[in-house]
Structures are given as structure tokens and as C-alpha cells.
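Contents: one structure, followed by commentary.
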Amino acid sequence: MLHEEDTICAIASGMGKAAIGIVRISGQDAVSIVDKVFQNPKGRKLTDLKSYQASYGHILDPANNQVIDEVIVLVMKEPHTYTTEDCVEIDCHGGPFVMQKVMDLLVRNGARPAEPGEFTKRAFLGGRVDMTEAEAVMDVINSENDLALSSSLHQLSGNLKGKIQELREKILHNTAFIEAAIDDPEHYSLDEFPDELKETVNELQSQIAKLLSTFDDGRRIHEGIKTAIVGRPNVGKSSVLNMLLGEERAIVTDIAGTTRDTLEEEVSLGGITLKLIDTAGIRETEDTVEKIGVEKAKKSLEEADLVLFILDSAEKLSEKDQEIAEQIVGKPTIVLLNKEDAGQVVGEEDVKSLFAKANPFAKDETIPCISTSAKLGNGKEELKKLIEDMFFAGDVSYNDQIYITNSRQKAGLVHASESLAKVCESIDMGVGEDFYTIDLMAAYESLGDIIGEALEDDLADKIFKDFCMGK
Ligand code: GDP
């Protein structure tokens with residue numbers, strides 16, 4: 001199905017943290033949709049701008065006037081744009097969370113999350129690129145999606161797909177039953193059916209609501225938490241790394257042709273993935289002079305979401321610890337008081353003064369501390385709990401939970417839920433059973449969009465297979 005009638009939006013820049021992130025909107029309502037959520041200090045509307053003119057202002061939610069970000073908006077009018085349609089680019093701050101908020105707002109105000117490659121598809125349909133050029137772009141996009149897909153599969157172990165298929169199966173079964181009963185009332189009765197269907201639909205609705213509630217956590221889990229392990233030599237960094245990797249070692253990629261610098265490792269702690277930065281540095285041999293830690297810390301800290309600062313708690317703190325603490329200031333940090341088994345002489349108070357000295361402006365800040373023994377493998381559970389608390393407010397259960405991880409999946413579920421609500425309305429209004437099937441199939445299709453399956457002949461297959469035996 002082609003969607004050129006509607007206006008699509010997507011995050012065009014990467015999902016990592018960056019200075020600037022770009023959200024892109026294309027379609028006939030692109031300018032008017034952004035105008036609904038954009039406010040220029042002088043009240044200038046985007047509709048009054050010429051093509052390729054930019055405007056400064058804020059993105060804010062018209063429902064509650066809450067400001068979401070400070071932005072520059074670039075308006076590009078058809079036909080001289082990438083898609084040949086009206087396009088708007090919103091340059092916001094480059095955090096995944098803020099970009100996602102801008103996306104959600106656009107979707108609530110009339111845009112639709114773009115399918116992969118859809119901007120390019122529109123460029124092709126608009127005659128701006130030929131098929132070979134479009135394919136070349138698509139190849140790039142698809143290879144990225146494959147990577148994203150394999151990491152999703154790693155995260156979700158196929159659970160989301162299974163869940164969506166289970167929901168679809170129920171919908172299909174009921175639709176097929178209605179169709180069969182309408183065709184063959186002698187054998188199939190719909191007498192008690194509406195009540196049963198309503199129960200089923202309510203159950204489906206609550207399962208969809210549960211999936212929708214996982215959206216924010218799912219995204220963080222999907223992307224992982226970039227974690228730097230820092231500390232002066234000999235405090236136990238590589239021992240802690242090994243403790244974390246343990247049996248739960250997730251992925252080790254040692255890209256051929258490149259050196260240890262590209263070694264990237266992931267650790268699964270329950271449902272959380274830590275992306276460990278610069279573990280190659282940690283694994284370097286002891287006699288390297290530059291293993292002072294400070295330079296290494298500086299480098300890994302630049303991109304870290306979380307810092308694990310390892311101290312040797314069996315020894316007095318040193319100048320080197322102080323230097324590293326100074327580099328960390330302002331980053332979400334957990335201090336590991338390692339070597340607790342060797343007799344601790346460093347405690348939480350020492351850590352407090354270390355950081356108070358490092359950052360005199362935040363004297364009362366408490367940096368969470370955990371005592372660990374990498375040698376004995378102690379402290380891992382506590383660390384996991386602390387990270388959960390820091391990043392997810394500790395309010396979700398991780399085991400076996402299925403998460404949705406992007407706006408597209410979310411939109412599919414929302415549409416499915418809306419269609420199912422209509423089925424309930426029809427039942428309450430007592431309209432004919434054939435009305436139910438329209439909305440049931442709409443829900444089925446919306447769920448199918450999430451996993452990338454089209455309707456095709458599923459229904460016909462089902463009717464013949466399950467309901468028309470012996471005919
Ligand atoms: P790094 O230089 O910071 O990576 O430190 P290593 O992990 O190489 O550890 C340095 C030394 O401390 C090694 O001899 C480890 O066996 C020892 N070590 C690490 N963690 C512990 C611990 O929890 N307890 C004790 N007693 N020794 C530890």
C-alpha cells in the first residue's frame with residue numbers, strides 16, 4: 001500500500017548522543033504539522049517562510065504547553081527536496097530521548113512514523129532518483145536495519161514477534177469464525193458469540209496496553225548503556241570486567257584487520273545491556289607506561305552514559321584516584337570499592353571527600369558506592385540493582401519481559417488497539433457481525449505492520465483449513 005497521501009516523520013540522525021539530532025518530516029502536511037508544535041519567539045509561522053529558510057524557536061506540546069527542546073527548523077518546499085514533497089527538518093539536541101519526544105509529538109499531531117527507506121521510496125515515486133539509485137540507498141539502509149535487527153533479536157530473543165503473532169492468531173481465528181458462520185449458518189452459530197468476542201477483545205486490549213507500557217524502557221534496553229570502567233592501575237579493572245563478563249558475556253567483536261582498540265564488549269545484567277567502552281585499554285599489559293589510567297579515563301568518559309569508577313579499597317586513596325575523580329565530575333557514576341576481601345581501609349566517607357574535592361560546587365552530592373570483590377565475585381547483584389534504579393527507576397521487572405523499542409512498533413499497537421475498541425463499540429451497539437470483521441482485520445493488519453507481514457491469503461487459508469472441514 002502506498003502512503004503518499006500522508007505525512008511521514010523519522011529521526012534522520014543516529015540514535016547515539018550527539019550535539020545535534022535531526023528529525024525529518026515529509027509530505028503535504030509537513031509544514032502545517034510542525035507549525036502546530038513549533039513556536040518562534042516573534043510568533044513567525046513556518047507557513048510564511050520561503051523554501052530553504054530556517055527559523056529559530058522551541059518545540060512544545062500544544063496539549064499542555066510543555067517545552068520539549070530548543071530548535072532550528074528548516075523548511076524545504078516541493079518539488080526541490082529529497083522526497084520531492086514538502087519537507088521540514090528539525091535540528092534539536094541530539095539525545096535519543098529528546099528526539100523520540102519530538103517524534104511522538106509529531107505523530108500525535110498528524111504525522112506517521114516512516115517505514116524503513118520510505119523517504120527514498122518517495123524520492124523514487126517523485127521521479128527524483130531512478131531505481132538503481134534508490135536501490136543503492138536502500139541497500140545502505142537495509143544493512144543498517146539488519147544490524148539493528150540482529151541486535152533486537154539478541155535483546156528480544158524473538159519474543160516480540162511471537163507475541164504479536166499470538167495476538168494476530170486470536171484475531172484471525174475469530175474473524176474466520178464469523179466469516180464461516182455467515183457463509184454456513186447451519187453449522188456455525190453466532191448466538192452467544194458477541195459476548196465471547198467482547199471478552200477476547202478485552203483480553204487482547206489489555207495485552208496490547210501492557211506492550212505499550214514497555215516503550216521507554218525498551219528503547220533504553222535496545223540501545224544499551226555505554227559504560228566506561230575507569231581507575232588507576234592495579235585496582236582491579238580487568239578483574240571487574242571479567243567478573244561482569246563471566247558467563248553472561250554477550251558479544252565480543254574483534255573486527256579483523258583492526259587492532260584491539262575496536263574491541264567492544266557487551267554485558268547483560270538481567271535485562272540491561274551495558275556496552276563497555278574501551279575494554280581493549282583495560283586489557284593492555286601491566287607494563288605499558290600510559291596505563292596510568294587518567295588519559296584512558298578521559299577518552300572513555302567522553303562517550304559514556306555511565307562510569308564504573310574502581311577504587312582499591314584495601315589501600316589509601318591516591319593522587320591518581322583524585323585526578324580520575326576530577327575527570328568524572330558530572331557523569332552518572334558508580335564507585336566500586338573493590339578488594340573488599342583484602343580488608344577495607346577506604347569507605348563511603350572517603351569517596352564523598354574525594355568527589356567534594358574534585359567538584360567543590362557539589363559538596364552534598366552522594367555518589368553511589370558498592371563494595372565488591374572481583375576476586376571472589378561479590379557485588380554483581382548489587383551493581384545490577386543499582387543500575388536498574390539509576391536508569392529505570394527500578395519499577396519494571398526485567399526477566400522474560402517483552403519490550404517494544406521504537407515509534408513504529410508503538411504506532412502499530414496504538415492503531416490495533418483503536419480498531420479493537422471499535423469492535424467493542426459495534427458489539428455494544430448490536431450491529432451485524434459482519435461489521436466486526438472489518439475492524440478485526442484492521443487490527444490484524446496494524447499488528448502485521450509491526451512484524452512486516454502483509455495480510456495476503458492468511459484469512460482464506462484459515463477459513464479453509466479450520467472451519468470448512470469436509471466440504
Ligand atoms: P587493573 O590493573 O586495574 O586492571 O587490575 P587487575 O584486574 O589486573 O588486578 C590487579 C591485581 O589485583 C591482580 O593481582 C588481581 O588479582 C588483584 N585483584 C583484583 N580484584 C581483587 C579483589 O577483589 N580482591 C583481591 N584481594 N585482589 C584483587
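Ligands are counted one by one from 1 in listed order, and the atoms in each one are counted from 1 as well.
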side-chain contact (heavy atoms from CB on, under 4.5 Å) against K375, all qualifying residues, sequence neighbours excluded: D341, S373
Between the side chains of Q207 and E203, is a donor N or O closer than 3.5 angstrom to an acceptor N or O? yes
Applying a 4.0 Å heavy-atom criterion (strictly less than), which segment of N234 is in contact with ligand 1: side chain, backbone, both, or neither? both
Checking the N or O distance criterion of under 3.5 Å, is ligand 1 in contact with K237? yes
Nearest heavy atoms of K36 and N109, plus distance in Å: NZ-O, 3.1 Å
Report the residues that fulfil salt bridge (charged side-chain N to carboxylate O under 4.0 Å, His left out) with R108, sequence neighbours left out, ordered by chain and then residue number. D61
With respect to G236, determine whether any N or O atom, backbone or side chain, lies less than 3.5 Å from an N or O atom of ligand 1. yes
Between A374 and ligand 1, is there a nitrogen or oxygen pair with a distance under 3.5 Å? yes
Please could you name the atoms of ligand 1 that S373 approaches to less than 4.0 Å, counting only its heavy atoms? 23 (O)
Using a strict cut-off of 4.0 Å, indicate which atoms of ligand 1 neighbour a heavy atom of K375. 21 (C), 22 (C), 23 (O), 24 (N), 25 (C), 26 (N), 27 (N)
Between S313 and E340, do the side chains contain a donor N or O and an acceptor N or O under 3.5 Å apart? no
Could you tell me whether V235 approaches ligand 1 through its side chain, its backbone, both or neither, with non-hydrogen atoms closer than 4.0 Å? both
Tell me, do V235 and N338 make a side-chain contact under 4.5 Å, heavy atoms counted? no
